[in-house]
Asker: 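Take this structure first; my questions come after.
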There are 2 protein chains.
Amino acid sequence: MAGRPTNRDERYIQVMKALVRCVARYGLDGASLSHIAKEARLTRPLIRHHVGNREDMITGLTDFVLKSFDDQTAAMVSCLPNERPSSALIDLLFSEDAVSEPDMVLAFAALTARSLDDAKLRRRCRETLLDFEAAIADTLRHDHGDADDAALGAAAHGIMALYFNLTSLAPLDMPKSWQNHARGLAHELLEKLDQPS
Amino acid sequence: MAGRPTNRDERYIQVMKALVRCVARYGLDGASLSHIAKEARLTRPLIRHHVGNREDMITGLTDFVLKSFDDQTAAMVSCLPNERPSSALIDLLFSEDAVSEPDMVLAFAALTARSLDDAKLRRRCRETLLDFEAAIADTLRHDHGDADDAALGAAAHGIMALYFNLTSLAPLDMPKSWQNHARGLAHELLEKLDQPS
DNA sequence: ATATTAACTGTCAATAGTGACAATAAATTA
DNA sequence: TAATTTATTGTCACTATTGACAGTTAATAT
């Protein structure tokens with residue numbers, strides 16, 4: 001008694017990826033169904049069939065983006081080596097690949113802006129961001145266990161800020177010196193942890 | 001032979017401010033004329049009368065936002081004291097006021113995202129941003145003339161990144177420790193310039 | 001007071017975007 | 001092959017948004 005096999009899950013992420021791409025460029029309201037359909041190489045009614053109406057799409061997008069961030073955070077810390085994980089983390093965050101695909105960060109920025117009048121969304125974005133920062137701080141603690149929490153938190157904040165800024169400004173195609181500056185400053189933050197004043 | 005006096009200029013900036021506010025929340029496409037009219041406390045046809053059709057509005061917005069940044073940059077450096085202008089600059093950038101009004105930065109972020117498929121816009125945004133960074137570097141040079149250009153550029157980049165990140169994430173209402181971290185790290189960048197390795 | 005200029009209002013057609021539903025095609029099991 | 005489940009397509013009504021124009025009111029100079 002089973003019918004045609006469902007491809008709901010693949011279609012769902014297919015649509016979500018297209019949605020992320022559109023939201024990154026045109027914002028939450030600028031991502032029309034036609035635009036998404038074209039980006040996902042699907043028809044408009046099909047999108048509705050898989051992910052529901054527009055309101056469902058937006059809530060689905062926030063779940064998708066925030067979960068992607070959480071997964072990325074978890075994957076990030078789990079794939080680090082035992083030897084000097086801090087340095088590896090920075091090389092990972094400021095690698096070519098990470099910076100060249102800014103769509104997810106831009107979509108997150110769109111959600112951030114929308115948080116201005118959506119308390120629940122604001123709480124969720126904040127939580128995700130704090131987890132990200134905490135993950136960085138934990139990684140730093142691994143290499144610099146003797147540094148105090150305030151210094152670790154500050155360094156983690158700096159690394160996070162450098163990463164977010166570089167990635168969200170990626171569409172401007174800034175000179176490569178920016179990437180070098182960012183990575184260099186991040187490494188300096190590490191060195192600073194070794195020499196507590 | 002002169003008629004009713006025109007208030008085109010005041011109305012224009014009145015509409016532009018409302019537009020910046022709307023774009024900050026809802027993106028370029030999400031800022032509908034009705035929304036802008038409500039925000040500016042004007043009627044929709046009146047907006048058209050003063051700033052033209054939608055396309056005119058968007059080009060007007062980019063001019064307004066980028067010029068505001070340029071003006072802010074110029075005003076920033078001109079109002080600094082002769083004594084330790086670098087430190088005053090940081091206190092200015094990371095003051096309560098600067099961070100609590102993120103609309104302009106968020107609108108700039110929306111323009112940045114749109115730059116993904118608009119080469120001309122990308123060039124203009126990049127130019128504005130580089131000028132901002134250069135202004136910071138010049139200010140730093142005033143206090144740390146013996147530091148080399150690479151170090152100055154890196155420090156300026158770090159300060160810029162910390163400022164942009166903090167301001168663009170302001171809608172999330174992050175804990176105050178973030179603002180303290182950002183300002184503290186910026187000051188550390190200054191101190192680092194005094195002790196060249 | 002009258003002419004003149006521009007701000008302001010009201011309104012309507014055209015378009016874009018969305019929601020919803022019916023109908024068809026495809027793929028699986030019994 | 002028949003039944004069943006789901007993907008896929010086609011289509012239409014409804015709403016939101018925009019563009020454009022005519023007409024009205026307000027404020028100045030002569």
Side-chain angles (χ1 to χ4, degrees), chain A residues 1-64 107 110 113-114 117-118, chain B residues 1-64 107 110 113-114 117-118:
Chain A
M1 314 319 197
R4 178 173 179 171
T6 179
N7 56 356
R8 202 175 185 82
D9 292 349
E10 350 173 12
R11 282 282 190 250
Y12 191 86
I13 65 170
Q14 179 182 2
V15 173
M16 280 303 156
K17 285 184 178 178
L19 181 54
V20 166
R21 221 176 135 79
C22 291
V23 167
R25 282 162 180 69
Y26 310 113
L28 285 176
D29 294 300
S32 71
L33 290 180
S34 313
H35 226 133
I36 301 165
K38 187 181 178 184
E39 185 71 40
R41 297 177 165 276
L42 294 176
T43 62
R44 188 176 70 79
L46 199 50
I47 290 185
R48 170 177 172 75
H49 173 68
H50 284 295
V51 305
N53 64 13
R54 184 169 186 78
E55 187 181 348
D56 299 330
M57 281 189 52
I58 298 303
T59 61
L61 175 76
T62 70
D63 292 344
F64 183 77
R114 181 58 57 91
D117 40 29
D118 186 335
Chain B
M1 313 314 197
R4 178 174 179 169
T6 179
N7 56 357
R8 202 175 185 81
D9 293 348
E10 350 172 12
R11 282 284 189 247
Y12 191 86
I13 63 169
Q14 179 182 2
V15 172
M16 280 303 155
K17 286 184 177 178
L19 181 54
V20 166
R21 219 176 136 78
C22 290
V23 167
R25 282 163 180 68
Y26 310 113
L28 285 176
D29 294 299
S32 71
L33 291 180
S34 311
H35 226 133
I36 301 165
K38 187 180 178 184
E39 186 70 41
R41 296 178 166 276
L42 294 176
T43 62
R44 188 178 69 81
L46 199 50
I47 291 185
R48 171 177 171 75
H49 174 69
H50 284 294
V51 304
N53 64 14
R54 184 169 185 79
E55 187 181 350
D56 300 329
M57 281 189 53
I58 298 303
T59 62
L61 175 75
T62 70
D63 292 343
F64 183 77
R114 182 58 57 92
D117 40 30
D118 185 337

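Every value quoted in this text rests on a predicted model; they were computed, and no experiment measured them. Throughout, protein chains are lettered first and strands after them, A, B, ... in sequence-line order, and every chain is numbered starting at 1.
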Asker: With a cut-off of less than 4.0 Å, is there a side-chain N or O of A:Ser34 near OP1 or OP2 of C:dA16?
Answerer: no
Asker: I need the CZ-P distance between B:Arg4 and C:dT4, as an integer number of Å.
Answerer: 18 Å
Asker: In the structure I gave you, are the side-chain heavy atoms of A:Asp29 and A:Arg114 within less than 4.5 Å of one another anywhere?
Answerer: yes
Asker: Looking only at side-chain N and O atoms, does A:Thr43 come under 4.0 Å of OP1 or OP2 in D:dT9?
Answerer: yes
Asker: For the atom pair CZ (A:Arg8) and NE2 (A:His50), what is the distance rounded to the nearest 0.5 Å?
Answerer: 7.0 Å
Asker: Tell me the interatomic distance from A:Leu33, atom CG, to C:dA16, atom C1', rounded to whole angstroms.
Answerer: 12 Å
Asker: Mind checking A:Arg11 for me? I need base, sugar-phosphate or nothing, with any heavy atom below 4.0 Å counting as a touch.
Answerer: sugar-phosphate
Asker: Mind checking A:Pro5 for me? I need base, sugar-phosphate or nothing, with any heavy atom below 4.0 Å counting as a touch.
Answerer: sugar-phosphate
Asker: Applying a 4.0 Å non-hydrogen cut-off, can you work out what B:Arg8 is touching in the nucleic acid: base, sugar-phosphate, or nothing?
Answerer: sugar-phosphate
Asker: Taking CD from B:Glu10 and C1' from C:dA7, how many angstroms apart are they, rounded to a whole number?
Answerer: 12 Å
Asker: Could you state the interatomic distance from CZ (A:Phe64) to CG (A:Leu19), rounded to the nearest 0.5 Å?
Answerer: 9.0 Å
Asker: Starting from P on D:dA16, measure out to CG on B:Asp29 and report it in whole angstrom.
Answerer: 18 Å
Asker: Over how many whole Å does the gap from B:Leu46 atom CG to D:dT25 atom P extend?
Answerer: 16 Å
Asker: Assess whether one donor atom and one acceptor atom, taken from the side chain of A:Arg44 and the base of C:dG19, lie less than 3.5 Å apart.
Answerer: yes
Asker: B:Thr6 side chain N/O closer than 4.0 Å to the phosphate oxygens (OP1, OP2) of C:dT5?
Answerer: no
Asker: Side-chain donor-acceptor contacts of residues 38-48 of chain A below 3.5 Å, not counting sequence neighbours, with atom names and distances?
Answerer:
residue : atom : partner : partner atom : Å
A:Glu39 : OE2  : A:Arg21 : NE           : 2.6

Asker: Would one find a side-chain N or O of A:His49 under 4.0 angstrom from OP1 or OP2 of D:dA7?
Answerer: yes
Asker: Base, sugar-phosphate or nothing for A:His50? Non-hydrogen atoms, less than 4.0 Å.
Answerer: sugar-phosphate
Asker: Using whole Å, what does the distance between atom C1' of nucleotide D:dA7 and atom CG of A:Asp9 come to?
Answerer: 14 Å
Asker: Say whether, by atom type as modelled, one donor and one acceptor occur between the side chain of B:Asp63 and the main chain of B:Gly60 under 3.5 angstrom.
Answerer: no
Asker: A:Leu42 CG to D:dT8 C1': how many Å, rounded?
Answerer: 10 Å
Asker: A:Arg48 CZ to D:dG10 P: how many Å, rounded?
Answerer: 18 Å
